[in-house]
2 protein chains.
Amino acid sequence: MDGDLSSTATPPLEGCGPALADQLSLPKPLRQRVFEYVRGQGRTARSDISRALGISPGSATTLTADLIRANLIREVADPERGQGRGRPRVALEIVPEAGHVIGIKLGDDRHTAALSDFAGRLICDLTLPASTKARPSYQIVDEIGALLTGLLEKAGKTLRDVSGIGIGMVGIVDHAQGIVHWSPLLDSTDQAFGAAVEERFGLPVALENDANMLTLSELWFGAGRVKSDFAVVTLEKGVGMGLVLNNQLYRGSFGMGLELGHTKVQMEGALCRCGQRGCLEAYISDDALTREAATVLNLAPDTDGPASTMAALYQQAAAGHAPALRIFQRAGRFLALGLSNVVQLFDPALLILSGERMTYEFMYADHLSADVQALVLSQNKMPCKIEIRGHRDLHWARGATARALADMTDRLFNTETPA
Amino acid sequence: MDGDLSSTATPPLEGCGPALADQLSLPKPLRQRVFEYVRGQGRTARSDISRALGISPGSATTLTADLIRANLIREVADPERGQGRGRPRVALEIVPEAGHVIGIKLGDDRHTAALSDFAGRLICDLTLPASTKARPSYQIVDEIGALLTGLLEKAGKTLRDVSGIGIGMVGIVDHAQGIVHWSPLLDSTDQAFGAAVEERFGLPVALENDANMLTLSELWFGAGRVKSDFAVVTLEKGVGMGLVLNNQLYRGSFGMGLELGHTKVQMEGALCRCGQRGCLEAYISDDALTREAATVLNLAPDTDGPASTMAALYQQAAAGHAPALRIFQRAGRFLALGLSNVVQLFDPALLILSGERMTYEFMYADHLSADVQALVLSQNKMPCKIEIRGHRDLHWARGATARALADMTDRLFNTETPA
DNA sequence: GCAATTAATTTAGGTCTTGAAAATATGGAC
DNA sequence: GTCCATATTTTCAAGACCTAAATTAATTGC
């Protein structure tokens with residue numbers, strides 16, 4: 001409000017520089033870094049570890065010996081053995097049986113769970129239908145119980161084999177405290193949902209916003225692994241977003257998802273179900289499209305619910321019906337506009353599109369990437385790559401296993417931040 | 001493009017988890033963390049250091065003794081001495097004379113430099129007029145020379161007293177390499193500008209996009225010190241933005257600023273000087289306002305250049321001239337829309353508005369914050385705080401001193417990342 | 001076979017850091 | 001004033017951790 005440089009916003013604060021201790025500076029133990037490097041590579045030799053982590057060969061020997069003794073990694077016959085000139089490298093890999101984790105995506109009308117081994121490999125998965133109504137949290141805990149039972153039975157394991165659970169769900173989630181401030185699945189707010197699940201099954205539980213889980217899935221298993229900054233946009237009922245910035249999942253200050261769907265693409269624009277005007281969702285959500293479709297297709301908007309209207313609209317568009325096609329095209333243009341804003345603001349190296357609605361991908365994909373690039377100021381710079389990914393529930397659930405794995409690893413080397 | 005989970009985007013990559021070594025995991029030496037803590041606090045006791053950094057009291061003694069021996073910190077008579085019960089705490093502070101740095105903001109029509117001591121305190125500053133034309137880089141190096149000479153003379157110092165320079169400038173800047181890919185100040189592209197300045201004055205130079213410098217200024221000296229996530233929006237000729245996320249300055253993938261000014265606020269909207277349509281800048285920049293002002297004020301748009309037209313428009317609005325007022329109000333609404341998108345996408349804890357154009361703050365400030373909140377989906381969450389800050393060039397230059405200080409500190413404890 | 005080459009291990013030594021006890025410097029009770 | 005409670009700081013031995021350099025190991029090319 002002024003030009004005064006000497007005063008700071010909080011009077012008692014003297015000195016200068018960032019005042020918050022960045023948790024970044026507390027280093028992970030070297031042993032954990034070795035372990036994570038091996039997991040990241042899948043298979044490596046000690047000499048690689050030493051080079052990649054900048055530690056002495058001697059340390060590599062000592063540390064890997066520790067990990068081998070703890071039965072976390074093991075030596076393995078290397079197929080590439082005998083390629084080079086000197087002494088052959090001894091490949092190391094994670095012991096997959098060292099532990100298992102379960103990742104769960106709680107959805108609007110179905111839940112999916114995935115069982116993963118310690119190396120991050122998918123072992124087994126299961127999807128069960130669920131209610132579409134808001135309900136008390138103990139009921140959802142029950143549903144998780146059914147999911148776990150089914151999954152473990154299918155895999156021939158027991159709960160004792162599992163060392164952690166990750167859960168992704170829609171809503172406002174405090175990942176650090178395991179509290180669900182709000183979710184369409186729950187009939188009350190500010191639930192200590194993580195603690196409830198922990199107590200019920202006696203396992204550590206990590207809770208996370210579902211868009212974040214999908215983002216973690218890309219960071220751990222997808223194209224995001226080799227990018228330091230990327231965005232994931234999900235098209236489902238709503239439009240969600242997750243971000244990885246500086247190699248870290250960015251969650252925002254208030255734990256509510258990053259709401260791309262409610263960014264404004266038009267001043268005083270179309271009315272959105274959130275009550276605002278001009279939201280992106282007001283132009284590209286199912287509701288918006290079905291509203292328009294009702295006119296074009298001469299359908300009552302609510303004959304069989306929006307899903308069937310969408311299907312009909314899609315069918316007509318695919319068959320070449322011009323008005324139907326134009327509805328999709330217009331939605332595509334608005335989507336491109338919204339995405340271009342993301343690219344302009346974050347300058348990510350990669351933008352991943354995912355979610356149920358990308359079923360209609362051939363409607364969007366053709367021009368979408370070009371449309372976005374055209375809307376972005378590109379001063380000789382490399383354009384942001386746009387990828388369209390699958391939309392299966394399993395992706396979400398795998399993201400949850402990633403989160404569970406990360407937590408489990410931290411616990412193993414006790415670096416975890418106590419909640 | 002598919003639902004296949006087993007294949008990764010880059011075939012040779014096995015394993016799972018983030019593949020990029022986050023530079024975060026290489027820890028700063030404890031000695032440096034102590035030093036930075038002292039600088040951050042301004043004045044602290046050893047016992048505080050031990051508690052805050054989670055190290056043993058013994059280590060605090062040893063480390064501070066080292067720093068005292070190196071003449072980087074010193075004991076000081078504490079005004080609060082003798083408050084408590086037990087042995088009084090001995091206050092420690094940075095030795096301000098241990099070093100000096102200079103921060104420079106290179107502007108469109110003037111340059112500003114600031115001299116700061118090792119404790120981050122401003123000692124002296126100087127602004128000189130500059131050309132408004134693009135010119136070769138050696139000429140700008142000359143201008144920097146004049147700036148340094150003037151500043152040092154004013155302060156009674158010599159170049160030998162200075163241990164680092166930070167420079168902020170408009171354009172596409174590679175901060176790691178010190179290369180200016182493009183800038184309106186330079187008549188050619190991809191200049192190794194940092195190296196040129198380094199060679200000329202024999203001092204380490206840090207180059208940075210100017211919006212980032214301003215953001216650093218808030219992170220080091222302003223309200224951002226105690227926030228882990230915040231955004232800084234600058235209103236000058238263009239609309240710029242800087243972000244601190246997870247306690248770190250976020251620079252984007254391509255080193256070009258985060259272009260809030262060219263996010264789209266309207267499909268097929270007003271034409272922007274960048275060639276696109278619907279950019280925020282097309283609604284709130286000087287050019288846009290003067291174009292409208294020309295109509296209202298019956299002025300030829302180019303009588304004395306846009307600056308004088310702006311001044312006239314502002315005067316009329318302040319005097320209550322309704323059409324002039326409406327021009328500002330409309331611009332304010334679009335600004336609010338653009339800001340609401342930032343808040344919606346990043347969920348920052350704080351949004352700081354700064355820059356020359358905030359001179360007209362009383363035009364904007366009244367409703368701006370409320371307008372933004374009204375446009376943001378707020379599901380019971382604490383609203384993002386919006387602050388309007390001064391706009392003096394000095395803020396930029398101080399940000400540059402912060403960057404120079406950070407680099408100098410890294411060098412001192414040799415943690416620096418070799419370019 | 002022998003040199004060259006690369007990988008892994010051993011070992012001695014150095015640098016940090018901690019933990020516990022001791023020393024220090026005060027305020028307050030009597 | 002003396003003594004005790006309290007809080008800060010220092011001392012110092014013990015140990016964790018890592019590195020450097022030398023050594024051992026396992027190959028290929030000639």
Side-chain angles (χ1 to χ4, degrees), chain A residues 21 25-38 41 43-70 72-93 412-415, chain B residues 21 25-38 41 43-70 72-93 412-415:
Chain A
S25 51
L26 359 149
K28 287 181 183 175
L30 212 38
R31 206 173 274 96
Q32 182 174 2
R33 290 180 55 203
V34 169
F35 177 81
E36 291 181 348
Y37 181 75
V38 173
Q41 296 296 308
R43 186 160 290 186
T44 346
R46 276 169 259 252
S47 53
D48 282 336
I49 296 174
S50 143
R51 266 189 301 269
L53 268 47
I55 60 176
S56 70
S59 297
T61 296
T62 315
L63 294 168
T64 52
D66 280 358
L67 293 172
I68 290 172
R69 204 172 321 111
L72 294 172
I73 66 174
R74 65 186 175 202
E75 296 191 343
V76 65
D78 192 346
E80 301 177 39
R81 189 185 178 82
Q83 296 261 60
R85 200 96 141 73
R87 173 175 176 171
R89 12 188 326 121
V90 179
L92 297 167
E93 66 171 21
L412 203 56
F413 297 94
N414 50 68
T415 325
Chain B
S25 53
L26 3 146
K28 287 182 183 174
L30 211 36
R31 205 173 275 98
Q32 180 174 3
R33 289 180 56 202
V34 170
F35 176 82
E36 291 181 348
Y37 180 75
V38 173
Q41 296 297 309
R43 187 161 290 185
T44 347
R46 276 170 260 251
S47 54
D48 281 338
I49 295 173
S50 146
R51 266 190 300 270
L53 267 49
I55 60 177
S56 70
S59 297
T61 295
T62 316
L63 293 166
T64 52
D66 281 357
L67 293 172
I68 290 173
R69 205 173 318 112
L72 294 172
I73 65 174
R74 66 186 173 201
E75 297 191 343
V76 66
D78 193 344
E80 302 177 38
R81 189 187 179 81
Q83 297 260 60
R85 201 98 140 74
R87 174 174 177 170
R89 11 187 328 120
V90 179
L92 298 168
E93 66 172 23
L412 203 56
F413 298 94
N414 50 67
T415 325

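Atom set for the values below is all heavy atoms of this structure, side chains included, hydrogens, waters and symmetry mates excluded. Chain letters run A, B, ... following the sequence lines, proteins first, then strands; residues in each count from 1.
In this structure, CD1 of B/Ile55 is placed 12 Å from P of C/dG19, rounded to the nearest angstrom. Rounded to whole angstrom, the span from the CZ atom of A/Phe413 across to the C1' atom of D/dC17 amounts to 16 Å. Nucleotide D/dC18 holds its P atom 6 Å from the CG atom of A/Leu63, rounded to whole Å. Between the CZ atom of B/Arg87 and the P atom of D/dA7 there is a distance of 15 Å, given to the nearest Å. Following rounding to the nearest Å, A/Asp66 (CG) and C/dT9 (P) show an atom-to-atom distance of 12 Å. Regarding B/Arg46, its CZ atom lies at a distance of 12 Å from the P atom of C/dA25, rounded to whole Å. In this structure, CZ of A/Arg33 is placed 15 Å from P of D/dC17, rounded to the nearest angstrom. If you take CG of B/Leu30 and C1' of C/dT18, they are 12 Å apart, rounded to a whole angstrom.
Residues A/Arg46 and A/Ala60 share a closest heavy-atom pair of O-CB, 3.8 Å. B/Ile73 and B/Leu92 get closest at one heavy-atom pair: CD1-CD1, 4.4 Å. Annotation for B/Arg43 and B/Val76: closest pair NE-CG1, 3.9 Å, computed over non-hydrogen atoms. Of all non-hydrogen atoms in B/Asp66 and B/Arg31, the two that sit nearest each other are OD2-NH2, 2.8 Å.
Residues B/Leu72 and B/Leu412 form a side-chain contact, since some pair of their non-hydrogen atoms from C-beta on lies under 4.5 Å apart.
Between C/dA7 and A/Arg89, a contact under 4.0 Å exists linking OP1 or OP2 to a side-chain N or O.
The residue A/Ser47 sits close only to the backbone: its heavy atoms come under 4.0 Å of sugar-phosphate atoms, none of a base. Residue A/Ser59 is classed as a base contact, given a heavy-atom separation below 4.0 Å to a base. Using a 4.0 Å heavy-atom criterion, one finds that B/Ala45 contacts the sugar-phosphate atoms exclusively.
Nearest-nucleotide positions on DNA chain C for A/Glu75 and B/Pro57 put A/Glu75 closer to the 5' end.
Side-chain atoms of B/Pro88 lie closest to C/dT26 of the nucleotides D/dT9, C/dA7, C/dT26.
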